[in-house]
Amino acid sequence: MNPFIKFPALSFQEVEISTNLKKVLKEEEQILEKFKSKKRQLEFRAGRTAAHLALKQFELESFPLLREDKGNVIWPKHFTGSISHSNDLAVAVVCKKEDFSAIGIDVEYLKKDINDSIFKKILNKAEYPSALEEDKIIFFSAKEAIYKAVYSKTKVSLGWKDIELSRNDAGKLIANINKNSINIENQEIFENRNKDYIYTLALLN
Ligand SMILES: CC(C)(COP(=O)(O)OP(=O)(O)OC[C@H]1O[C@@H](n2cnc3c(N)ncnc32)[C@H](O)[C@@H]1OP(=O)(O)O)[C@@H](O)C(=O)NCCC(=O)NCCS
């Protein structure tokens, strides 16, 4: 299922994290080998597999997806994208920079047990405790998606509380980014879900 099918400019793919996945490109396997945890290696491989499938739409599936020190992916010139993994699912989304200057995606397993002390660290006073119980995980996910999009565009790392989320009268997620060093004006947040996962997407123009 593509949770963001209403955006034809985006190429989205998801891949189940499993030991049966084929190896990715040599340069990517070299990065993966440095991770000590087997689980981390498998999620990295699944994320790269999803990203190559997403890039296939642009005939760029063989482009090696290396990373910078902060963990962000180096996408092919004139393209941007984002990767996320949770539980046994990896997702990737890619687009041309002429369509969106940066994108961030996040997926969260809905049955993940996140206790309230974590939410208190993630949500700021205006969001907590006013966020509905169900919104807490959505806000958590949306902040990660926004973080990735903003980092990829500006190389600035946002903190949890630099982002303030709310919903407008129509229920749409609205983000305010409170960080003096950056000026992000045109951003939109989208969400979708199935019975197991919530997906959030941050699009910057
Ligand atoms: C980037 C971050 C938010 C990712 O979240 P996560 O829960 O670890 O995991 P996800 O599976 O959703 O995403 C991981 C993917 O994000 C991408 N990513 C990592 N760092 C990134 C960055 N700085 N910018 C953009 N994308 C990044 C990578 O593709 C990574 O997958 P890979 O290593 O397999 O390639 C988190 O790891 C991080 O660096 N946090 C530090 C700062 C922070 O917590 N700020 C508050 C958030 S508002």
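This chain uses plain numbering: 1 for the first residue, then up along the sequence. Start at 1 and go down the list; that is how both ligands and their atoms are numbered.
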_Which atom of M1 lies closest to which atom of E14, heavy atoms considered_ =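 Distance-wise, the nearest heavy atoms are O-OE2, 3.5 Å.
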
*Hey, is ligand 1 close enough to G159 that some N/O pair sits below 3.5 Å?*
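No; every N/O pair is 3.5 Å or more apart.
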
_Polar contacts were defined as any N/O atom of the residue lying under 3.5 Å from an N/O atom of the ligand; does this apply to K70 and ligand 1?_
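Min N/O separation from ligand 1 is below 3.5 Å for K70.
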
*If we ignore angles and hydrogens, is there a donor and acceptor under 3.5 Å between the side chains of Y197 and N87?*
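Note: Y197 and N87 side chains meet the donor-acceptor criterion.
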
Whether over 12 other heavy atoms sit under 6.0 Å from [X] [atom1]:
X	atom1	value
K56	NZ	no
K121	NZ	no
K172	NZ	yes

*asked:* With a 4.0 Å cut-off on heavy atoms, is R40 in contact with ligand 1?
replied: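 The answer is yes, since R40 has a heavy atom less than 4.0 Å from ligand 1.
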
*Should R48 be listed as contacting ligand 1, given a heavy-atom distance under 4.0 Å as the test?*
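A heavy atom of R48 does come that close to ligand 1.
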
_Would you say L10 ends up clustered with L204 if hydrophobic residues are merged whenever their side chains have heavy atoms under 4.5 Å apart, either directly or through other cluster members?_
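Each belongs to a different hydrophobic cluster.
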
Counting each atom of ligand 1 from 1 as listed, which ones have a heavy atom of [X] under 4.0 Å away?
X	value
V73	29 (O)
K143	48 (S)
D106	12 (O)
L158	45 (N), 46 (C)

Among all protein non-hydrogen atoms, which one is nearest to [atom], and what is the separation to 0.1 Å?
atom	answer
atom 13 (O) of ligand 1	K148 NZ, 2.9 Å
atom 27 (C) of ligand 1	N72 CA, 3.8 Å
atom 5 (O) of ligand 1	E144 OE1, 3.3 Å
atom 24 (N) of ligand 1	Y151 CD2, 3.4 Å
atom 28 (C) of ligand 1	G71 O, 3.4 Å
atom 15 (C) of ligand 1	I83 O, 3.4 Å
atom 38 (C) of ligand 1	Y147 CE2, 4.3 Å
atom 14 (C) of ligand 1	H85 CE1, 3.7 Å

_Any side-chain heavy-atom pair of R193 and I138 under 4.5 Å_ =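 Answer yes - side chains close enough.
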
*Any side-chain heavy-atom pair of W160 and E144 under 4.5 Å*: yes

_Contact partition for S84 relative to ligand 1, non-hydrogen atoms under 4.0 Å_ = both

*For K97, all residues meeting side-chain contact (heavy atoms from CB on, under 4.5 Å), sequence neighbours excluded*: T80

*From K23, H52, R67, residue fulfilling side-chain contact (heavy atoms from CB on, under 4.5 Å) relative to E28*: H52

*Using protein heavy atoms only, decide if any is under 4.0 Å from atom 8 (O) of ligand 1.*
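For atom 8 (O) of ligand 1 the answer is no, since every protein heavy atom stays at 4.0 Å or beyond.
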
*Any protein heavy atom < 4.0 Å from atom 36 (C) of ligand 1*: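 No, there is no protein heavy atom closer to it than 4.0 Å.
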
*Which of these passes salt bridge (charged side-chain N to carboxylate O under 4.0 Å, His left out) with E127: K120, K161, R167, K143?*
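Option passing the salt bridge (charged side-chain N to carboxylate O under 4.0 Å, His left out) with E127: K143.
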
*asked:* Whether K26 and E29 form a salt bridge (side-chain N of Lys/Arg under 4.0 Å from carboxylate O of Asp/Glu) is what I want to check.
replied: no

